Amino acid sequence: MALPLPLPPMSYLPPLGGEGQEALGRRVAVPWRGEVRVGVVVGEGGRPSHALRHALAYLDGAPYLRPEEVLFLEEASRYLFAPLGQVLADFLPPSPELRHRVRLYPGADPKVLPKGLEALTAWQEARGFDPRLLDPLREAGVLEEEVAFKEGRRVLLPLKEAHPDPTLDRVLQALRSMGQAESQAALARAAGVGVGRVRRLLEEGYVGYGEPLASPPPGEPVEPLPLPERPERLNGGRFLERVRLLAGLVAEGDHLVLFPEVSLLERFLRHFPRARPYHGGLPPKEREALFRAPRGLVFATYGGLLLPFTPRSLVVVEEGSESYKLPSGSRAFVPPLAEMRARLLGVPLTYLSLVPAVEVLERPGLTFPVPRPRLLLVDLRRERGHPLTGRALALLKQVEEKGRQAVVLSPRLGYSALLLCADCGYRPNCPDCALPLRYHKEAKALLCHQCGHREPPPPLCPRCGSTLLEPRGPGLEWIQEELKRRLALPVYRYTKEEKDDLGPLLAGKPGVVVGTTALLRGPTLPELALVLLPYADGFLYEADFRAAERYHRLLWALTELRPGRRPLLALQTYTPDHPAHLALLEGSVEAFPWAEKALREALAYPPRVRMVKLEVAHRLEERALEAAFALREALKGVAGEEEVLGPAPAPIPRVKGQHVFHLLLKGSTERLAELLSRLDRRRFRLDPDPHRFVGLLED
């Protein structure tokens, strides 16, 4: 039995009275450290032991997960080098609230009840009692318990695709076409049969009760664009062309489409009225209802990988998006798991994106032509003006004169990247991180964007007493201040934390929005004419080998901020000849990924091999360094020189008071598992598929 905790599966005896029942895949309530937890049975067998405790109750009348999902969890656990319980916790939807009653077993001596539990001679809600007092009674075998999910309104839902009996199959297919039925009698009337036929389907597990399904949202369906053969990847084209391609891929039957984030899912959903969304933003009851009866066309985020059904195909949209990376738990990157899921189910997988990820380039596919972006590169080595050059201001003035709209993108929050003394070079740094403090002018504070440390800006330089502390490196507040000073247009702010009302812009009125990449998930501006990056290199120079690929994908995403038109993309940069810029000038979505792939092949980096990151951290630098070299020493004589990189200080060597060191291991999944087996997993944190190297791995 697997609990949704970072633990391997544990053994329990079946619930009393539940011996001989089908157990695999069913949710079960078990006693765990003085409380009741919900887990999933992932295996059966072994010899009974008096040392084992009984599970309390099965919570499902039929398996919640099929053997196919259990196999996927086991394979994913091996791939991610993570306990199976952790993978289950990442992908299983939250269980409904439990109804838990307890009492002393009839006939047991009430004297065994400790003080405060005298009421347990009759049924009582368990919530009113201290779990630490109940557990000894449970272990002594004198506590009777009833555990079940609390139920709301329930409807009949189909649980399987077909029934061998033609008459019963006709009833089942009627329910599948209806989606749900209010009662057995309602289904019997709709199918033209007696209630007994429906009851038989219920008894055999072909239909079951669940929460009502939400009605699909109204949509704007598109004409599908069919292809003679199903490719493994589809790239390029305009956004609506990719929507039509997806419509062609999922025209009939059951399909699962994965998205990196809810905003993109909902953007596609407008064109697929029959699709059913599945993501963490839905009410828990709605997620539970769909999980119990998945069918048709399902649009899902990462949790959809565990849905217990076999679709005709699986589609991964924008497979290179960093939003597929789970920030905690198993820290999985979802696309490789989607490939694993499709392989285990024996269904085809297609990647659909504007720009292909380096990892999927060699797959056979189709790349559709894209409109050549309107790109202007402003060379900051030659142009004057800070943070906006004269050419950038001229473009913004044109937007103002023509009554259009502009987006200005900043790589950082706050007013500036740092404060710097012009006399002695002093800059305020975070006391807990090896980073300069960011200056927030509006808040009149210096903030650390890693750990949240906050302090007031000094009136004078603490080192030399000079008054010449100057902001350096424009942030969002600085850019917004400059825009308000230079333009008569209204200026709006749009970040993940703070979103101004863009209603006037959505109505077509002129204005400028300054924000972060949250704008990519915001509403479409109807009169957008200019997208300006005052410091494009701030998005490019990050401390990981995927930074350039991520930047290239961002630039192409910016070209689609206004579908159907081509706003001018203006980049202020110190590197106008960067390959990512040249690829946009060429109008090719594939040129840069192929060049990047060749570079990684030469360096023996992913996708040529897998890479995992081992992180050690300690408040004392010498202790952290000692622990890092101890890991390297443990691999001595086992790992080749080319298989281990480091140890080395992290790109930000101190975060939240912790000194951080990294080791990188390279090789196949099997080889990495062999190397990791030589190490004490308690001594480091593991990232099985690193996409960023800045920050601290935390759970």
Side-chain angles (χ1 to χ4, degrees), residues 6 80-82 86 322 325-333 411-414 417-418 427-438 446-455 473 538-550 603 605-606 609-636 639 641 643-667 672 675-676 678-699:
L80 297 169
F81 315 111
Q86 182 62 72
E322 198 179 27
K325 177 73 174 175
L326 303 190
S328 60
S330 65
R331 300 184 178 93
F333 185 62
R412 62 174 66 94
L413 297 171
L418 51 88
R427 66 180 187 184
N429 286 323
C430 175
D432 298 317
C433 304
L435 284 171
L437 292 170
R438 302 285 175 87
L446 294 173
L447 297 178
C448 176
H449 289 184
Q450 280 290 329
C451 70
H453 173 80
R454 182 188 186 104
E455 64 183 58
F539 294 98
L540 175 59
Y541 293 114
E542 299 183 20
D544 65 82
F545 66 90
R546 286 189 171 92
E549 181 187 8
R550 191 161 52 242
L603 296 172
Y605 267 46
V609 295
R610 271 196 76 182
M611 176 185 286
V612 299
K613 179 176 73 176
L614 280 57
E615 178 184 281
V616 295
H618 198 279
R619 290 196 169 273
L620 299 177
E621 184 177 12
E622 59 271 20
R623 294 284 297 276
L625 185 59
E626 178 185 340
F629 273 102
L631 292 176
R632 177 77 191 222
E633 188 66 22
L635 295 172
K636 190 174 182 179
E641 288 295 322
E643 292 180 307
V644 185
L645 300 178
I652 300 178
R654 186 162 55 94
V655 180
K656 300 180 180 179
Q658 301 276 325
H659 293 271
V660 187
F661 287 85
H662 289 163
L663 280 88
L664 302 178
L665 304 184
K666 299 190 297 180
L672 291 173
L675 296 178
L676 290 171
R678 306 294 182 116
L679 304 176
D680 185 347
R681 290 290 295 270
R682 297 171 298 178
R683 304 298 181 187
F684 61 90
R685 292 188 177 96
L686 176 72
D687 188 335
D689 202 345
H691 276 240
R692 285 186 185 265
F693 291 78
V694 174
L696 191 65
L697 294 180
E698 294 181 310
D699 293 317

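For reference, positions follow the sequence shown, starting with 1. Worth saying up front: this structure is predicted, and the values here are computed from it rather than measured.
Considering CG of Leu620 and CD of Gln658, their distance stands at 9.5 Å, rounded to 0.5 Å. Taken from CG in Leu435 to CD1 in Ile652, the straight-line distance is 4.0 Å, to the nearest 0.5 Å. For the atom pair Leu665 CG and Leu679 CG, the distance stands at 7.0 Å (nearest 0.5 Å).
When all heavy atoms of Ala624 and Val616 are compared, the pair lying nearest together is O-CG2, 3.6 Å. Across every non-hydrogen atom of Gly329 and Gln86, the tightest pair is CA-NE2, 3.4 Å. The heavy-atom pair separating Pro431 from Arg654 by the smallest distance is O-NH1, 2.6 Å. Heavy-atom minimum distance, Leu540 versus Ala547: O-CB, 3.5 Å.
The side-chain heavy atoms of Leu437 and His453, taken from C-beta on, include a pair separated by under 4.5 Å. In this structure, His662 and Asp687 have side chains that are not in contact, with every pair of non-hydrogen atoms separated by 4.5 Å or more.
The pair Asp680-Arg682 meets the salt-bridge criterion, with a side-chain N (NZ, NE, NH1 or NH2) lying under 4.0 Å from an Asp/Glu carboxylate O.
Checked against salt bridge (Lys or Arg N to Asp or Glu O under 4.0 Å), Asp432 has no partners two or more places apart in sequence or in another chain. With sequence neighbours left out, Glu641 forms a salt bridge (Lys or Arg N to Asp or Glu O under 4.0 Å) with Arg632.
With Arg623 contributing its side chain and His618 its backbone, the two residues share no donor-acceptor pair below 3.5 Å.
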- Item | side-chain contact (heavy atoms from CB on, under 4.5 Å) between Lys613 and Leu664, intermediate numbers included | CA-CA 5 Å; Lys613 179 176 73 176; Leu664 302 178; 3.9 Å; yes
- For Val660 and Leu697, what are the C-alpha separation, side-chain angles and deciding distance, and is it a side-chain contact (heavy atoms from CB on, under 4.5 Å)? CA-CA 10 Å; Val660 187; Leu697 294 180; over 6 Å; no
- Task: Check the pair Leu676 / Leu686 against side-chain contact (heavy atoms from CB on, under 4.5 Å), numbers first and verdict last.
- Result: CA-CA 10 Å; Leu676 290 171; Leu686 176 72; 4.2 Å; yes
- Task: Report the C-alpha separation of Phe539 and Arg550 in whole Å, then their side-chain angles, then the decisive distance to 0.1 Å, and conclude whether the side-chain contact (heavy atoms from CB on, under 4.5 Å) test is met.
- Result: CA-CA 9 Å; Phe539 294 98; Arg550 191 161 52 242; over 6 Å; no
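Looking at Glu621, Arg619, Glu622 one by one, the single match for side chain to side chain contact (heavy atoms under 4.5 Å, CB included) with His659 turns out to be Glu621.
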For residues 688-695, tabulate all N or O donor-acceptor pairs below 3.5 Å that involve a side-chain atom, not counting sequence neighbours.
unit_1: Arg692; atom_1: NE; unit_2: Glu322; atom_2: OE1; d: 3.0
unit_1: Arg692; atom_1: NE; unit_2: Glu322; atom_2: OE2; d: 2.7
unit_1: Arg692; atom_1: NH1; unit_2: Glu542; atom_2: OE1; d: 2.3
unit_1: Arg692; atom_1: NH2; unit_2: Glu322; atom_2: OE1; d: 3.0

